[in-house]
Amino acid sequence: MPLRVYNTLSRQKEDFQTVEPGKVSMYLCGPTVYKPAHIGHMVGPVIFDTIKRYLSYSGYKVTWVVNITDVDDKLINRANEKGMTVEALAKQMTQDYFDNLATMAVDGIDHFPYATQHIKEMQDIIATLIEKGFAYPLDGDVYFNCTKDEDYGKLSGRSLEQMLAGTRAETHGGKRHPADFALWKGSKPGEPAWESPWGMGRPGWHIECSAMAKKILGDSIDIHGGGLDLMFPHHENELAQSESCTGKPFARYWMHNGLMQASGAAGKVGGGHDKLGDKAADLTAAKEAQEANKLAGSKGAASVKELFAKHDPETIRFFLLATHYRSPIDFSDEGITNTGKALDGFYRLFETYERISGQSFYTLKIAPTRASSAALTGTPAEYFQALNDLRQRYLESMDDDFNTGGAVGVLFELRKTLNSFITDHKLETTPTDKSLLPALTAGMTLLKELSSILGVFREAKQKAASADDGLLDGLMQLVIQIRADARKNKNFAVADLIRNKLNELKITLEDRTDQTLWRRG
RNA sequence: GGCUCCGUGGCCAAGUGGCUAAGGCAACGGAUUGCAAAUCCGUCAUCGUCGGUUCGACUCCGACCGGAGCCUCCA
């Protein structure tokens with residue numbers, strides 16, 4: 001079954017075919033670096049990181065570009081507020097973004113071009129557009145001429161007439177059509193500005209992506225991604241500029257991820273709110289409700305860093321991938337906590353495997369591509385058959401428009417299969433029989449291979465290496481020893497007291513046949 | 001007003017024109033355990049409402065109800 005991808009352009013799933021066989025060029029709209037990232041900013045990177053991993057696993061050579069917008073109105077305003085230069089603020093926030101990506105295990109981005117370093121490329125495109133009649137200068141600005149572009153609106157599915165009817169924005173006096181947008185903006189005193197044939201100024205919002213995608217990936221790229229909110233006007237305009245400039249299709253597949261909704265964290269507003277009415281007052285109230293309900297606009301939205309303090313980044317990543325990328329994700333503490341509990345079962349299994357095999361799950365060698373994936377054959381035959389079926393279902397899910405939700409489900413089933421195998425064959429209680437160990441390792445390796453595509457379970461959790469932890473472990477061994485003596489003497493009252501008190505301290509004990517294990521939580 | 005999208009068990013969430021409608025969390029019953037924990041086994045849905053198309057729809061179409069996004073330089 002071939003890989004199929006949902007293309008916003010056609011509103012349906014299409015067979016995946018790249019411009020160049022075996023290669024994929026991928027562009028994701030990156031952040032405007034003006035304030036610390038919130039969790040919503042991580043959705044796109046995590047999803048496209050996973051998409052890149054899967055494409056690589058499928059044998060493609062993938063080049064992935066994410067731009068950094070380091071000049072923009074919001075950036076200028078905030079820098080002024082904070083009494084910083086635009087450069088200093090941009091640098092600081094870019095570092096914040098990089099830190100967050102690393103924490104979320106997003107490490108597949110090949111290029112991070114900066115808008116301010118591609119002014120020349122943007123001006124070249126603008127000049128070409130003017131030359132071809134797709135753009136016109138006006139009082140130091142340059143505007144794209146939408147009416148000149150015959151298929152303008154094809155991505156978001158709207159016509160210029162519709163936009164004319166719906167527009168409420170003030171029209172710039174001289175614009176030929178209200179939908180015409182700025183390619184170049186004349187600068188006011190004190191703003192960052194570059195020389196240009198049209199006077200001192202700075203680039204419009206959309207032009208940077210056109211310029212950087214073209215420079216690094218070429219005139220036609222395979223995948224262009226971004227949040228659903230960017231479809232219009234940003235991507236529509238980007239597409240119009242690029243195709244008018246080059247005369248070639250800009251992107252084969254436009255992929256838009258659903259947006260994150262805040263529930264609980266930022267306070268759920270709405271419910272019972274009327275639809276947008278005609279009256280200005282209703283409109284304002286509804287808009288405020290919407291704003292309050294949106295992560296991006298919400299003052300209450302926690303920064304990613306705050307979130308990391310409360311939840312394991314791996315749990316957050318898993319949480320994001322448990323829902324299909326095109327669906328909105330309802331973000332809530334309960335939801336992530338739930339995911340955390342679900343993941344605990346995997347960590348238990350990893351520990352169990354290590355006890356049985358003496359080898360860490362995390363050191364298992366996995367195949368880099370599906371073509372090189374190990375053949376799952378051997379005895380017991382039914383067990384290997386089950387592994388094969390699960391792998392097949394996993395790949396089918398991912399081939400179907402990167403259905404990570406379905407793939408996650410398979411991972412859970414694989415976990416159950418492995419636990420059953422261990423239980424059924426008493427692998428943990430009869431450690432002398434090693435004959436089934438290779439079969440178990442084959443299954444665990446499959447689990448590692450499939451989960452690494454999602455970017456999870458790749459490395460052991462680094463334990464906080466504070467001096468306290470060494471002390472804690474020493475104390476715990478002592479407590480466990482004392483309790484073991486009590487149990488040996490059938491003094492269960494003492495043994496249970498110890499265990500209950502530890503529970504209150506969020507420490508769980510597990511009595512096994514040969515030893516007692518402890519863990520936090 | 002225009003343009004998109006969504007509505008699956010207590011909660012989260014895959015999926016399909018006809019096969020037992022994945023999986024997770026929670027709950028309940030059992031195995032195991034001194035009792036627990038962990039693990040295993042089992043139980044737990046007719047897919048927003050109403051119509052239509054069809055031999056047959058949860059899956060296609062329509063209406064309605066409910067929710068979300070965009071149209072206003074948010075990923």
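Remember, it's a predicted structure, so these values are computed and weren't measured experimentally.
The same atom, C1', is picked in B:U43 and in B:G56; the two are 30 Å apart, to the nearest Å. Look at the P atom in both B:G18 and B:C61: the space between them is 16 Å, to the nearest Å.
For the pair A:His256 NE2 and B:C71 P, the computed distance is 13 Å after rounding to whole Å. Distance, A:Glu208 CD to B:A75 C1': 13 Å, rounded to whole Å. Between the OH atom of A:Tyr347 and the P atom of B:A37 there is a distance of 22 Å, given to the nearest Å. For the pair A:Leu411 CG and B:A13 C1', the interatomic distance rounds to 15 Å; values are reported in whole Å. Atom CZ in A:Phe331 sits roughly 17 Å away from atom C1' in B:C11 (whole-Å rounding).
Within 4.0 Å of A:Arg483, counting heavy atoms only, lies at least one base atom of the nucleic acid. In this structure, A:Phe232 reaches the sugar-phosphate backbone alone: every heavy-atom distance under 4.0 Å involves primed, P, OP1 or OP2 atoms, never a base. Within 4.0 Å (heavy atoms only), A:His234 reaches no atom of the nucleic acid at all. Using a 4.0 Å heavy-atom distance criterion, A:Gly405 is classed as a base contact. Counting non-hydrogen atoms under 4.0 angstrom, A:Asn419 reaches the backbone sugars and phosphates but no base. At a threshold of 4.0 angstrom between heavy atoms, the contacts of A:Asn403 are confined to the sugar-phosphate backbone, with no base atom among them.
Donor-acceptor pairing under 3.5 Å is recorded for the side chains of A:Tyr54 and A:Asp399. For A:Asp333 and A:His311, the side-chain atoms include at least one donor-acceptor pair closer than 3.5 Å.
Within 3.5 Å, a donor on the side chain of A:Asp496 pairs with an acceptor on the base of B:G34, or the reverse. A donor-acceptor contact under 3.5 Å links the side chain of A:Arg499 to the base of B:A36. For B:C5, its base never sits under 3.5 Å from the side chain of A:Arg326 at any donor and acceptor pair.
If you take CD on A:Gln241 and CD on A:Glu208, they are separated by 10.0 Å, rounding to the nearest 0.5 Å.
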